[in-house]
Amino acid sequence: MYGHYGGYFWTMIACLIGVPILTMIFARVKRMRWSLTLVTLVILVGMWINRYLMVVPGLKDGDSPFSSMAEVLVAVMFFSGFFFVLFWAYRFFPLLSAWQLREEVD
């Protein structure tokens with residue numbers, strides 16, 4: 001909560017608790033797909049920060065976050081690996097099933 005990682009901690013709390021609670025109390029937000037997608041992306045960012053805070057502070061004492069190019073490259077590598085696996089999985093497990101696609105055509 002304090003020190004180098006204080007900002008990350010409070011951002012994580014806002015992304016995981018504050019934004020979902022404050023936005024999901026309104027029915028209008030829950031009815032629009034783009035607003036739900038936006039809230040979901042905020043939650044995903046909060047989850048990533050949570051995982052980051054579980055691993056990185058234990059690796060080095062007194063280190064400021066993303067202080068070297070190696071840390072930035074590792075974060076980019078994990079993001080790109082995640083998206084590679086995600087898009088690879090979409091190839092075999094589509095988001096819409098065949099019967100949903102048939103209904104749209106008819």
Side-chain angles (χ1 to χ4, degrees):
M1 292 190 328
Y2 309 105
H4 296 299
Y5 298 99
Y8 287 101
F9 175 78
W10 292 111
T11 303
M12 176 193 69
I13 295 297
C15 289
L16 294 177
I17 298 172
V19 171
I21 288 175
L22 293 176
T23 56
M24 293 307 206
I25 60 175
F26 300 108
R28 185 174 179 179
V29 173
K30 292 185 270 187
R31 281 190 228 127
M32 294 184 289
R33 182 174 287 192
W34 67 268
S35 63
L36 285 176
T37 304
L38 188 63
V39 172
T40 303
L41 291 175
V42 169
I43 292 171
L44 283 174
V45 167
M47 291 301 295
W48 185 84
I49 294 171
N50 184 9
R51 299 309 188 264
Y52 180 82
L53 289 176
M54 279 193 254
V55 174
V56 173
L59 297 176
K60 295 181 184 176
D61 288 333
D63 186 37
S64 60
F66 296 115
S67 60
S68 69
M69 191 60 152
E71 292 178 6
V72 172
L73 290 176
V74 167
V76 168
M77 179 188 69
F78 280 117
F79 272 119
S80 61
F82 169 77
F83 284 115
F84 174 76
V85 170
L86 182 72
F87 292 134
W88 179 77
Y90 284 164
R91 219 172 139 200
F92 299 106
F93 306 105
L95 294 174
L96 296 173
S97 63
W99 65 269
Q100 288 174 323
L101 291 174
R102 272 183 267 145
E103 283 183 3
E104 293 293 325
V105 173
D106 294 337

On a heavy-atom basis, which atom in L36 and which in T40 lie closest, and how many Å separate them? O-OG1, 2.7 Å
Contact summary for C15 and G46, nearest pair of heavy atoms: CB-CA, 3.6 Å
Would you call I43 and P20 a side-chain contact if the rule is heavy atoms closer than 4.5 Å? yes
Same cluster for V19 and M47 if Ile/Leu/Val/Met/Phe/Trp/Tyr side chains link at under 4.5 Å? no
Do you know which two heavy atoms are closest between I49 and Y8, and how far apart they sit? CG2-O, 3.4 Å
Within a reach of under 6.0 Å around CE of M69, are more than 12 heavy atoms found that belong to other residues, nucleotides or ligands? no
Following the transitive rule for hydrophobic clusters with a side-chain heavy-atom cut-off under 4.5 Å over Ile, Leu, Val, Met, Phe, Trp and Tyr, establish whether L53 and V72 coincide in one cluster. yes
Residue list, ring pair (Phe, Tyr, Trp, His ring centres under 6.0 Å) with F82, at least two apart or on another chain: none
For residues 27-35, which side-chain donor-acceptor pairs fall under 3.5 Å, sequence neighbours excluded?
| unit_1 | atom_1 | unit_2 | atom_2 | d |
| --- | --- | --- | --- | --- |
| K30 | NZ | M24 | O | 3.3 |
| S35 | OG | V29 | O | 2.6 |
| S35 | OG | M32 | O | 2.8 |

Check for me, please, whether L86 and F78 land in the same ILVMFWY cluster - side-chain distances under 4.5 Å, paths through other members count. no
Treat each ILVMFWY residue as a node, draw an edge where side-chain heavy atoms are under 4.5 Å apart, and state whether V39 and I21 are in one component. yes
Applying ring pair (Phe, Tyr, Trp, His ring centres under 6.0 Å), can you list everything that pairs with W48, at least two apart in sequence or on another chain? Y52, F79
Which residues pass the side chain to side chain contact (heavy atoms under 4.5 Å, CB included) test with I13, sequence neighbours left out? F9, W10, I17
For F87, check side chain to side chain contact (heavy atoms under 4.5 Å, CB included) against everything at least two apart and list the hits. F83, Y90
Apply ring pair (Phe, Tyr, Trp, His ring centres under 6.0 Å) to F92 and list each qualifying residue two or more places apart in sequence or on a separate chain. W88
